[in-house]
Structures are given as structure tokens and as C-alpha cells.
Amino acid sequence: MPSPSYWLVKSEPDCYSIDDLARDGETYWSGVRNYQARNSMRDGMQPGDGVLFYHSSTEPMGIVGLATVSRAAYPDHTALDPDDDHYDPRHTPDTPVWMMVDIRFDRKLDPPITLAELRSNPALTDMVVLRRGNRLSVTPVTPEEWRTVVAMRP
DNA sequence: GCCAACGTTGGC
DNA sequence: GCCAACGTTGGC
């Protein structure tokens, strides 16, 4: 049994917020249309892995909650629907291109850990999500970074 | 609204 | 296969 890995997922709260996840309890993380992010889900994310839930393009930006991967990667059905914004004609049931995982709500962080607070913590300077210009919606988090973040809102 | 940092597209 | 143009993301 490999030890759990840790991840950060970004979402614009207008699209899907931590309160939506708290309400739903569990959701499928669909709509990722970036190969590197897909590969993280397909090749990395396993049930039990820890997830930092991040709100982007809002005020305040930052980590707003914790979740757990509850199902390993499987085909993203939203890519099959021509009426869906994330439709991709290359994606078929027999040859899926895009994948998603399920995540389960754990808890909210109160108050959220703002982007400024993350940037001011020396232990987090190498965090992938803080890298200048980063646009990945799913990024890996090291065990040290996970411990540091969780310790900020025990 | 601006712009940096990419990823994607398409002409050649 | 190269690379310029274009589109998107997302912080500021």
C-alpha cells in the first residue's frame, strides 16, 4: 500500500465552491481539459489522498477547505455531451481522452488561508500552485507542504 | 482591464 | 517539425 499523496485543486467559486462541496458531500471533479492536470488525476490520485481546495479569481483567493479523493480516475462523461461546455468530439466511450476523480468533503478552513498568507510562509515557497504564471487546476502537494498548510488551521 | 505564462492551432 | 498567432487562465 503506497502512502497517501496530496493534491491541490483549483475552482472558481462561481463555478463550484467549497460550500457546494460541503452541501453535496461528494462530487465528481469533471471538466479538467489540460493534459498535465489529467495525468495527475489518472496516474497519481488514489482514494484516501488528501486534497486542498482552492478558490481562484475571487476575493479572497486561497485555500478554503480540505477534501479526500474517494474514487480513482475514470472517464469524464461531460466530454461526451455536445451541449456541455467541456464537450470534446475526440472523447468516446471506447477511447476516453479526459478523466475525472471523485472527492469527498472533509472540512472548511475558517478563515480561509489567503494567497498572501501562503506566499508569506517560507515553508511553502516551492509550492507548485504558487509558482508564477501557474495555470494548472490540479497540482501535487508535498507531505511537508500538506502538514504546513493543515497546521495553519488545526 | 492588463498582462504574463503558457497550451493549442494551423500554415508552411 | 517549426513557429507565429491566437486563446485561456488567473493574479494583480
Side-chain angles (χ1 to χ4, degrees), chain A residues 5-24 27-45 49-69 72-103 105-142 144-153:
Chain A
S5 303
Y6 302 98
W7 309 92
L8 181 144
V9 300
K10 271 195 275 201
S11 182
E12 297 193 19
D14 287 349
C15 177
Y16 194 87
S17 72
I18 189 67
D19 289 324
D20 292 325
L21 183 61
R23 177 200 63 215
D24 296 340
T27 195
Y28 49 82
W29 202 250
S30 65
V32 174
R33 295 293 180 270
N34 170 281
Y35 287 105
Q36 203 173 335
R38 179 205 66 181
N39 293 348
S40 285
M41 293 196 292
R42 184 191 62 192
D43 305 332
M45 287 176 128
D49 285 359
V51 176
L52 303 174
F53 197 105
Y54 180 94
H55 278 177
S56 63
S57 300
T58 187
E59 188 55 44
M61 291 175 284
I63 298 170
V64 292
L66 305 181
T68 303
V69 177
Y74 60 107
D76 180 347
H77 61 77
T78 67
L80 295 172
D81 179 1
D83 294 328
D84 193 285
D85 286 344
H86 301 290
Y87 174 64
D88 185 341
R90 298 172 303 155
H91 177 107
T92 69
D94 286 339
T95 59
V97 177
W98 303 112
M99 309 289 281
M100 60 187 183
V101 299
D102 289 354
I103 63 172
F105 177 74
D106 183 1
R107 66 180 172 97
K108 289 179 70 170
L109 299 185
D110 186 27
I113 303 175
T114 65
L115 183 56
E117 189 176 355
L118 294 169
R119 288 201 191 284
S120 70
N121 191 317
L124 300 177
T125 49
D126 293 331
M127 236 181 139
V128 175
V129 74
L130 300 181
R131 221 184 52 199
R132 177 179 168 79
N134 172 68
R135 298 185 310 156
L136 287 175
S137 60
V138 179
T139 52
V141 172
T142 69
E144 292 76 14
E145 289 162 352
W146 172 270
R147 280 195 294 273
T148 300
V149 169
V150 171
M152 293 165 87
R153 299 290 185 277

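Here is the naming used below: chain letters follow the sequence lines, and residue numbers restart at 1 for every chain.
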For this session: Output yes when at least one side-chain N/O atom of K10(A) is less than 4.0 Å from OP1 or OP2 of dT9(C), else no.
Result: no
Problem set entry | Ring geometry between Y16(A) and F53(A) (parallel below 30°, tilted from 30 to 60°, perpendicular above 60°) | tilted
Problem set entry | Nucleotide dT8(C), atom P - distance to CG of D85(A) in whole Å | 11 Å
Exercise. Atom CG of L8(A) to atom C1' of dG10(C): distance rounded to whole Å?
Worked result: 14 Å
Seminar exercise, completed: Per atom distances to the Y35(A) side chain, the nearest of dT8(B), dG10(C), dG11(C) is dT8(B)
Problem set entry | Y54(A) side chain near dG11(C) phosphate (N/O to OP1/OP2, under 4.0 Å) | yes
Problem set entry | From OG1 (T148(A)) to CE (M152(A)), nearest 0.5 Å | 8.0 Å
Exercise. With sugar-phosphate meaning primed atoms plus P, OP1 and OP2, does R119(A) contact a base, only sugar-phosphate, or nothing at under 4.0 Å between heavy atoms?
Worked result: sugar-phosphate
Problem set entry | Among dG11(C), dC6(B), dG7(B), the one nearest R131(A) by side-chain distance | dC6(B)
For this session: Supply the atom-to-atom distance W98(A) CH2 to R90(A) CZ, rounded to the nearest 0.5 angstrom.
Result: 6.0 Å
Exercise. Run the side-chain hydrogen bond (donor to acceptor under 3.5 Å, both in side chains) check on D76(A) and T78(A) step by step: do they pass?
Worked result: CA-CA 6 Å; D76(A) 180 347; T78(A) 67; 2.6 Å; yes
Seminar exercise, completed: Q36(A) CD to dG7(B) P, in whole Å, measures 7 Å
